[in-house]
Amino acid sequence: MVVRVRFAPSPTGRLHLGSIRTALFNFVFAKNQKGVFILRIEDTDKERSKKEFVDDIIESLKWLKLDPDEGPIFQSERIEIYRKVIEELLDKGKAYRCFCSKEELETKRQMQITKGEPPRYDGTCSKLSKEEINEKLSKGTPYVIRLKVPEQIITFKDFLRGDIKYDLRLIGDFIIAKSETEPLFHLATPVDDYYQGITHIIRGAEHIPNTPKQILIFKAMNWKIPVYAHIPLILGEGGGKLSKRHGAKSVLEYREEGFLPEAIINFLILLGWHPKGDKEIISMKEIIEEFRLEDVEKRPAIFNVKKLLWLNKIYLRRLSSVEIENLILNDPYLEDLKIYLENENYTKEKIHKIIELGKERANNIREIFETVKFFYQDFDYNKELLIWKDYTFEQIKNSLIQVKNTLENIPEEKFNADYLKQVLDTLNEDKGLTYWPLRVALTGLEASPPPIDIMLIIGKEKTLKLIDKAIEKLS
RNA sequence: GGCCCCGUCGUCUAAGGGCUAGGACACCGCUCUUUCAAGGCGGAAAUACGGGUUCGACUCCCGUCGGGGCCA
């Protein structure tokens, strides 16, 4: 039998890392099993579902290369299917219309709470005769549709956790639809899972308590129950489910910040699963080969940004400057960085070198240019910054003058890394006296790439100008 | 509050009756170095607690505590 799994988000907000991880586990399992990965958009809540969030979901999956084999399938387009199921459930007496008003229900609920009973529907309308129902219908009394829930303990198997028991008496006859054409989550989901031939339901652990309700629909319709596997939640750094409220960023925000999809995938798969051995860096290809659903961790994992940063840095350093350039050129989310690639002061070759220098010091693509901004804009600094160790302004100034004179005498054809190093290294016993003020003069920063690399990019003329500026500051 | 899930370094995890409880991120130190980053070397750091079962428990069972989720 072919494995079929689905990722079924509601388009009610931007997709964050917690959700996309569910998609990733589904995707990886499907590919490992040579199965089918389906995208289903659960948009039955018309109030909260938005087109922009549907686009966000699709774009996020695309960026991370988690493309669905089927879908997107929209629940909002399948109302007719749910209607048929609801009618069948009503016909078979597995579900019934409930005409109780909100006020009635609330009073009953309060009474149950006072008595210390679990608040649940008491089943009044399940006892209505055909005549009573027809009468209420003809009067246009508003109603909802409830499922008849047997008074028993249900046991279902979770692929990761084993048997989970649930006392159905705590649920009561719950509402499965607001009307024949307005199905609720607990109806639409199992109906779709059945009709879309889903074999394995891999979803977040927050759905464990929902599972008995959905299984009841399967049972009422006499359908084969799929395998359920509830993967652990990702918790925010302060504890608590990862959510927008906890400051969880959306997938596409990470994209905007210049994170690499490979790093995000690598990071997320390691939250709850790990390959054999001590491997930390793993490609999608390897994940697909090695993934075993049964090896997935049960305990919730706390989201740790530092590790994501580390992984991203590793993937970033693997890219050549040309690859980084192409990423920027082809990603509309990084469009504003193009100005750095098209700067007329530098040749293509020099821009590649700038990227190379920035890349070593950056966590993500955007940071590359932050660390080498001095190549692109005028800068200023306090003259105190020029001071190396305990040297005086006078000594620093002399050092800079010495450097300047030396550089001035170097012919253009000898202005290369090896020669510059050879000459500058011998100027002072304490190399810091040469390089620190020079570096500050060239960058205005206390932390930057090495001065020789910078000089080769900006050229002799600009270098001398910047040194002059520093000398002037000290005069 | 009721029900459910989960408990190994700060974090992600490895070991599923016998190990000096391993790795990675982060942290600290040393090294390299003009600075930063990266690299190299080293360090500190965990089986929540209490009872069982067993010759032997991080591992199995029970309880407590703690964290999380769902419903209200």
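A note on names: the letters A, B, ... follow the listed sequences, proteins ahead of strands, and every chain is numbered from 1. From a predicted model like this one, the values you see are computed outputs, not experimental measurements.
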With E325(A), the side chain to side chain contact (heavy atoms under 4.5 Å, CB included) member among L341(A), L319(A), L337(A), I351(A) = L341(A)
Where do N or O atoms of nucleotides 43-49 of chain B meet protein N or O atoms at under 3.5 Å, pair by pair?
none

request  = Check whether the side chain of R161(A) and the base of C5(B) form a donor-acceptor pair under 3.5 Å.
outcome  = no
note = Scanning all shown strands, the Watson-Crick or wobble mate of G39(B) with both distances under 3.5 Å is U31(B)
message = Within the 4.0 Å heavy-atom criterion, would you say F303(A) contacts the bases, only the backbone, or no part of the nucleic acid?
response = nothing
request  = Please state whether the phosphate of U8(B), meaning OP1 or OP2, lies under 4.0 angstrom from any side-chain nitrogen or oxygen of R299(A).
outcome  = yes
inquiry  = Considering every strand and a 4.0 Å limit on heavy-atom distances, what is the contact class for W273(A): base, sugar-phosphate, or nothing?
reply    = nothing
key: Strand partner of C71(B), provided both Watson-Crick or wobble distances fall under 3.5 Å   = G1(B)
key: Gap between atoms CD and C1', on E370(A) and A37(B) respectively (whole Å)   = 15 Å
query = Does the side chain of H274(A) get closer than 4.0 angstrom to OP1 or OP2 of A14(B) through an N or O atom?
reply = yes
ask   = Near RNA chain B, under 4.0 Å by heavy atom, which residues of residues 278-291 of chain A?
value = D278(A), E280(A)
query = Where each residue is assigned the nucleotide of RNA chain B containing its nearest heavy atom, which of A362(A) and N210(A) is assigned the position nearer the 5′ end?
reply = A362(A)
message = I want to check a possible cation-pi pair here: K462(A) against F415(A), using under 6.0 Å from ring centre and within 45° of the ring axis as the test.
response = no
Spacing of I264(A) atom CD1 relative to C25(B) atom C1', expressed in whole Å = 16 Å
query = Honestly, is K473(A) close enough over Y381(A), meaning NZ or CZ under 6.0 Å from the six-membered ring centre and within 45° of the axis?
reply = yes
query = Just checking G272(A): base, sugar-phosphate only, or nothing, at a heavy-atom cut-off of under 4.0 Å?
reply = sugar-phosphate
ask   = Just checking, any donor-acceptor pair under 3.5 angstrom between side chains of Y376(A) and N345(A)?
value = no
request  = Could you tell me whether P232(A) contacts a base, only the sugar-phosphate backbone, or nothing, with contacts defined as non-hydrogen atoms closer than 4.0 Å?
outcome  = nothing
note = The correct set of residues in residues 304-322 of chain A placing a heavy atom under 4.0 Å from RNA chain B is N304(A), K306(A), K307(A), W310(A), K313(A), R317(A)
key: Counter-base of C60(B), judged by Watson-Crick or G-U geometry with both distances under 3.5 Å   = G52(B)
From CG (D468(A)) to OG1 (T463(A)), nearest 0.5 Å = 11.0 Å
request  = Sort out the partner of G66(B) for me: Watson-Crick or G-U wobble, both distances under 3.5 Å, none otherwise.
outcome  = C6(B)
